[in-house]
Amino acid sequence: MERIPTGIPGFDELVQGGFCPRSVNLIAGGPGCGKSIFCMQYLWNGLTQMGENGIYISFEENVDDLRKDALELGWDFAKFEHEGRFKFIYFQPYEVTCVHTEIQRLINEIGAKRVVIDSTTVYGMALETVFEVRKGLFDLCTTLKLMDCVTIMTSEVQEGNNTYKLSHFGVEEFLADSVTVLSFESMGGEFPRSLMVRKMRRTKNDFDIHPLEINEKGLIIHTIG
């Protein structure tokens with residue numbers, strides 16, 4: 001099967017070369033685990049290594065803060081924004097009820113092949129009932145899977161007690177084609193963060209917990225042993 005490489009050192013080797021085409025992929029973890037860095041690194045590598053346009057849709061951080069965070073890692077998205085190949089987009093949480101059509105329009109407008117939705121947690125909190133959350137996330141995933149792109153969604157989860165909660169609302173992991181969990185659970189080595197690919201459809205993925213390094217160039221996933 002064709003694969004869409006993330007270009008993140010150590011990750012693609014865990015999942016037979018990358019994400020599946022036209023897939024929606026969940027990155028779950030607590031605060032500070034590296035979810036946003038994973039997403040921006042995925043988009044940056046797409047632009048600079050694969051020539052693929054991208055879009056970062058945020059319900060949390062504003063656009064200026066996202067640009068500053070990226071620059072700290074040497075990723076200057078401004079050039080690609082000016083060329084019309086990339087967009088940072090911020091939506092207020094209360095706009096979620098009418099956001100699906102706008103997301104579809106924005107993806108088509110720049111021909112985005114790589115899309116980030118950050119995060120489903122804030123997206124869902126703006127909806128009033130469990131039914132609305134589940135329906136909204138289902139409709140969003142359905143829309144994205146029909147597009148000619150590969151999407152990463154993030155979800156904020158509570159850590160602790162050596163358990164791995166896979167999403168905030170308990171539905172995202174069933175809708176997503178893959179689930180990757182980032183954690184601060186130290187493995188006793190030099191890197192306090194870790195990564196585990198919990199599932200990936202149509203893939204013989206690695207199920208081990210791997211040390212996760214964040215340095216001045218982004219994320220590196222290390223092998224065990």
Side-chain angles (χ1 to χ4, degrees), residues 1-30 33-43 45-46 49-50 52-57 100 103-104 107-108 112-121 123-124 130 133-157 159 163-183 193-210 212 219 221-224:
M1 178 184 289
E2 178 190 358
R3 294 285 166 167
I4 311 302
T6 65
I8 296 173
F11 181 79
D12 296 331
E13 292 83 353
L14 305 181
V15 291
Q16 293 188 290
F19 294 131
C20 296
R22 294 176 181 262
S23 61
V24 174
N25 306 277
L26 182 68
I27 305 294
C33 285
K35 298 185 300 298
S36 296
I37 296 176
F38 190 109
C39 292
M40 285 194 281
Q41 195 165 353
Y42 166 71
L43 293 169
N45 291 340
Q49 298 177 18
M50 290 84 175
E52 295 180 342
N53 295 356
I55 185 168
Y56 192 117
I57 297 166
H100 296 181
I103 288 175
Q104 193 171 16
I107 292 171
N108 285 326
K113 297 296 183 183
R114 299 186 177 218
V115 177
V116 165
I117 307 290
D118 186 17
S119 69
T120 62
T121 307
Y123 170 95
V130 173
V133 171
R134 290 175 178 265
K135 183 180 184 303
L137 288 170
F138 177 83
D139 291 345
L140 177 61
C141 288
T142 300
T143 297
L144 291 167
K145 288 181 182 183
L146 291 173
M147 308 293 290
D148 186 20
C149 61
V150 175
T151 303
I152 293 178
M153 303 188 305
T154 69
S155 180
E156 197 84 17
V157 296
E159 297 177 302
T163 59
Y164 293 94
K165 188 175 179 182
L166 301 182
S167 71
H168 185 85
F169 296 106
V171 66
E172 300 97 306
E173 65 266 37
F174 298 103
L175 299 173
D177 296 294
S178 78
V179 178
T180 299
V181 180
L182 308 185
S183 176
R193 298 175 178 87
S194 60
L195 175 147
M196 177 181 66
V197 181
R198 181 64 176 80
K199 80 164 188 178
M200 186 172 288
R201 290 175 182 150
R202 301 177 294 279
T203 303
K204 294 179 180 179
N205 60 279
D206 182 301
F207 289 105
D208 287 331
I209 300 173
H210 292 270
L212 173 62
L219 301 181
I221 293 85
H222 294 278
T223 55
I224 299 173

Let me confirm one number: the CD1-CD1 distance from I103 to I107, rounded to the nearest 0.5 Å. 7.0 Å

Taking E173 for the side chain and V179 for the main chain, is one N or O donor matched with an acceptor at less than 3.5 Å? no

Above 12 or not: heavy atoms from other molecules or residues under 6.0 Å from CZ of F174? no

What's the verdict on side-chain contact (heavy atoms from CB on, under 4.5 Å) for S36 and Y56, showing C-alpha distance, side-chain angles and the deciding distance? CA-CA 10 Å; S36 296; Y56 192 117; 3.6 Å; yes

Which atom pair, heavy atoms only, marks the closest approach of S178 to N25? OG-OD1, 2.7 Å

The criterion is salt bridge (Lys or Arg N to Asp or Glu O under 4.0 Å); which residues satisfy it with R201, sequence neighbours excluded? D177

Run I4 and R114 through side-chain contact (heavy atoms from CB on, under 4.5 Å) and show every step you take. CA-CA 10 Å; I4 311 302; R114 299 186 177 218; 3.7 Å; yes

Quick check for you: to the nearest 0.5 Å, what is the distance between F11 atom CZ and L195 atom CG? 6.5 Å

Non-neighbouring partners of Q49 that pass side-chain contact (heavy atoms from CB on, under 4.5 Å), sequence neighbours left out: N45

With sequence neighbours excluded, what pairs up with Q16 under the side-chain contact (heavy atoms from CB on, under 4.5 Å) test? R3, T203, K204

Between the side chain of S23 and the main-chain N/O of F19, is any donor-acceptor distance below 3.5 Å? no

Which atom names give the shortest non-hydrogen contact between Y42 and V150, and what distance separates them? OH-O, 3.0 Å

Once rounded to the nearest 0.5 Å, what's the spacing between atom CD1 of I117 and atom CG of L144? 5.5 Å

For A112 and C149, which heavy atoms make the closest approach, and how far apart are they? O-CB, 3.4 Å

Backbone N or O of V197 within a donor-acceptor pair of the N205 side chain at under 3.5 Å? yes

Euclidean distance, L43 CG relative to E52 CD, rounded to 0.5 Å: 10.5 Å

All heavy atoms of T223 vs all of H210, minimum pair found to be CA-ND1, 3.8 Å

Under the criterion side-chain contact (heavy atoms from CB on, under 4.5 Å), I'd like the reasoning laid out for K113 against N53: C-alpha separation, chi angles, the key distance, then a yes or no. CA-CA 6 Å; K113 297 296 183 183; N53 295 356; 5.7 Å; no

Between CE of M153 and CD1 of I27, what distance do you get to the nearest 0.5 Å? 10.0 Å

Nearest-0.5 Å distance that lies between atom OG1 in T154 and atom NE2 in H168: 12.0 Å

State, to 0.1 Å, how close R198 and F207 come at their nearest heavy-atom pair, and which atoms those are. O-CE2, 3.4 Å

Under 3.5 Å, side chain of R134 to main-chain N/O of V171, donor-acceptor pair present? no

Going by the rule salt bridge (Lys or Arg N to Asp or Glu O under 4.0 Å), which residues pair with E156 if we only count those two or more places apart in sequence or in a different chain? K35

Contacts of D139 that satisfy salt bridge (Lys or Arg N to Asp or Glu O under 4.0 Å) - sequence neighbours left out: K135

For K199, give me all partners under salt bridge (Lys or Arg N to Asp or Glu O under 4.0 Å), at least two apart in sequence or on another chain. none

Where does the angle between the aromatic ring planes of H100 and Y123 fall among parallel (under 30°), tilted (30 to 60°) and perpendicular (over 60°)? parallel

What do the steps show when you test S167 against L26 for side-chain contact (heavy atoms from CB on, under 4.5 Å), and what is the final call? CA-CA 8 Å; S167 71; L26 182 68; 4.1 Å; yes

Looking at C20 and R202, what are the two nearest heavy atoms and their distance? CB-NH2, 4.0 Å

Do T143 and Q104 have side-chain N/O donor and acceptor atoms under 3.5 Å apart? no

